[in-house]
Amino acid sequence: MHQHEDNYIHDYVRIDGQRLHCVIAGTGKPVLLIPGWPQTWYAWRHVMAALAANGYQAIAIDPPGSGHSSRPADGYDTGAVAATLHRAMLALGHAQYDVVGHDIGMWVGYALASDFPQAVTKLALTEAVIPGLAPAPPIFVAPSDNIFLWHFMFNQVLDLPEMLTAGKEREYIRFILDRWSYRRDKVAVDVYADAYATPGALRAGFAYYRAIPETIRQNLERAKHSLPMPVLAIGADHATNDAPLLTMQGKADILQGAIVAECGHFIMEEQPEAFIAHLLPFLAGEKSGNNA
C-alpha cells in the first residue's frame, strides 16, 4: 500500500503551538487535500500521485486531532479548523490554492472557501452533507440509511463514546470502515484503525461532531453568500449519491456534480481512477462533459 511513499515529503508546521502534519508530492499549482473521519492524509495517496503526475503540488494534511497532527482540547468547529489550515498553507508559502475535501473535510473545505474566498481558487467536495446547509435527516430511517447516520448522535454525546470505545478503538474504526465502504479491500483499514487507536485520537474525532452546533451556527451565516469560485460536488452511488451536489445547490455560483458508480463512501481509495477522472478536468478548468 506504500507504492507512492518514496515521492512524498513529510513536513510539519506550527500554528499557535499546534503541530500540523502535511505530506507533499509534486511541484506546481498547490492543491490542499483535506480528509475526513475516521481517516488521515493517507486516504489521498492515489490522488496525490495523479496530481503530482499532472503538474500540481498535492498537499495532504492531517487535520487538527488526526494522524500525526496535535490533538488540542478545542477548536474543532469548521471555522477554527479552516483558519488553521489556511495559516498552514501560508506557512508553506501558498497564498492561493485549490481545495479538495472528503467527508468532514468537505465541511472544512466549504468553510475555508467561504471564509477565505481570496485564497481558494477551486473547490472540489465529496461524500458528505454539510451541517447547516443540508436539512437534518430524520431519526427514523431505513437501516440502510441509518448505518450512515447513527454516529452523528453517538459521537456528539459527551464522555460515553470514549468509555465504550476504550480498548476497542480499532474495532470501532473497523466497523465504520467496513459498513461505509463498498470495495472494502481498497480501503487502508489497518492504517486508520491504528491511527485512531492512539491516545486522544478518538476524542479529537468526536470533537468535530460535538462542535456541530457551532459549525451550523457559522454555516447559517456563510450560506447568505454564494461561493464565487468553481465548485465540483462528487458523490458515490453506494453512499451519499447526489447529496453533495444537492447540499451545494444555491450555495455556489459555478457548480457541477458527478456520481461515481460501484463505489462506497471512501471514494478516493475505492474508485481512485474514476474520482481522478472527474477531479483533474475540473482543476484544469475544463467543462465536465458528463454531469451524471
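Values in this document were obtained by computation on a predicted structure and should not be read as measured data.
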Seminar exercise, completed: Exactly one candidate in Asn155, Ile173, Leu202 meets side chain to side chain contact (heavy atoms under 4.5 Å, CB included) with Pro38; the answer is Ile173
Exercise. Under 4.0 Å between a Lys/Arg side-chain N and an Asp/Glu carboxylate O for Arg45 and Glu269?
Worked result: yes
Exercise. How are the rings of Phe154 and Phe206 set relative to one another: parallel (under 30°), tilted (30 to 60°) or perpendicular (over 60°)?
Worked result: perpendicular
Exercise. Under a 4.0 Å N-O cut-off, is there an ion pair linking Glu171 with Arg174?
Worked result: no
Exercise. Between Arg210 and Glu162, does at least one N-O distance fall below 4.0 Å, as a salt bridge requires?
Worked result: yes
Exercise. Residues sharing Ile139's hydrophobic cluster, by side-chain heavy-atom contacts under 4.5 Å among ILVMFWY, directly or via others?
Worked result: Phe140, Met153
Problem set entry | Residues His265 and Glu270: side-chain donor-acceptor under 3.5 angstrom | no
Problem set entry | Steps toward side-chain hydrogen bond (donor to acceptor under 3.5 Å, both in side chains) verdict (Asp77, Thr215) | CA-CA 5 Å; Asp77 59 90; Thr215 291; 5.6 Å; no
For this session: Using the test side-chain hydrogen bond (donor to acceptor under 3.5 Å, both in side chains), find all partners of Arg19 that sit at least two apart in sequence or belong to another chain.
Result: none
Exercise. Do the charged groups of Arg170 and Asp190 touch, with an N to O distance under 4.0 Å?
Worked result: no
For this session: Give a yes or no answer on whether the side chain of Gln96 reaches the backbone of Gln118 with a donor-acceptor pair at less than 3.5 Å.
Result: yes
For this session: Please list all pairs passing the salt bridge (charged side-chain N to carboxylate O under 4.0 Å, His left out) test where one or both residues lie in residues 226-239, with sequence neighbours left out.
Result: none
For this session: Carefully, step by step, assess Thr121 and Lys29 under the rule side-chain hydrogen bond (donor to acceptor under 3.5 Å, both in side chains).
Result: CA-CA 10 Å; Thr121 39; Lys29 169 105 197 258; 2.8 Å; yes
Problem set entry | Counterpart residues, side chain to side chain contact (heavy atoms under 4.5 Å, CB included), relative to Phe175 (two or more places apart) | Ile147, Trp150, Arg179
Problem set entry | Spacing of OG1 belonging to Thr240 relative to CH2 belonging to Trp180, to within rounding of 0.5 Å | 11.5 Å
Exercise. Does one side chain, of Tyr97 or His86, offer a donor that lies under 3.5 Å from an acceptor on the other?
Worked result: yes
For this session: Side-chain contact test, heavy atoms from C-beta onward, threshold under 4.5 Å: evaluate it for Tyr208 versus Trp37 and give yes or no.
Result: no
Exercise. For the ring pair Tyr209 and His151, is the centre-to-centre distance below 6.0 Å?
Worked result: yes
For this session: Using the salt bridge (charged side-chain N to carboxylate O under 4.0 Å, His left out) rule, collect all pairs that involve residues 221-233, keeping only residues at least two apart or in two chains.
Result: Asp115-Arg222, Glu221-Lys224
For this session: Tell me, please, which residues at least two apart from Ser66 pass side chain to side chain contact (heavy atoms under 4.5 Å, CB included).
Result: Asp62, Pro63, Tyr196
Exercise. Is the shortest heavy-atom distance from the side chain of Leu32 to the side chain of Val100 under 4.5 Å?
Worked result: no
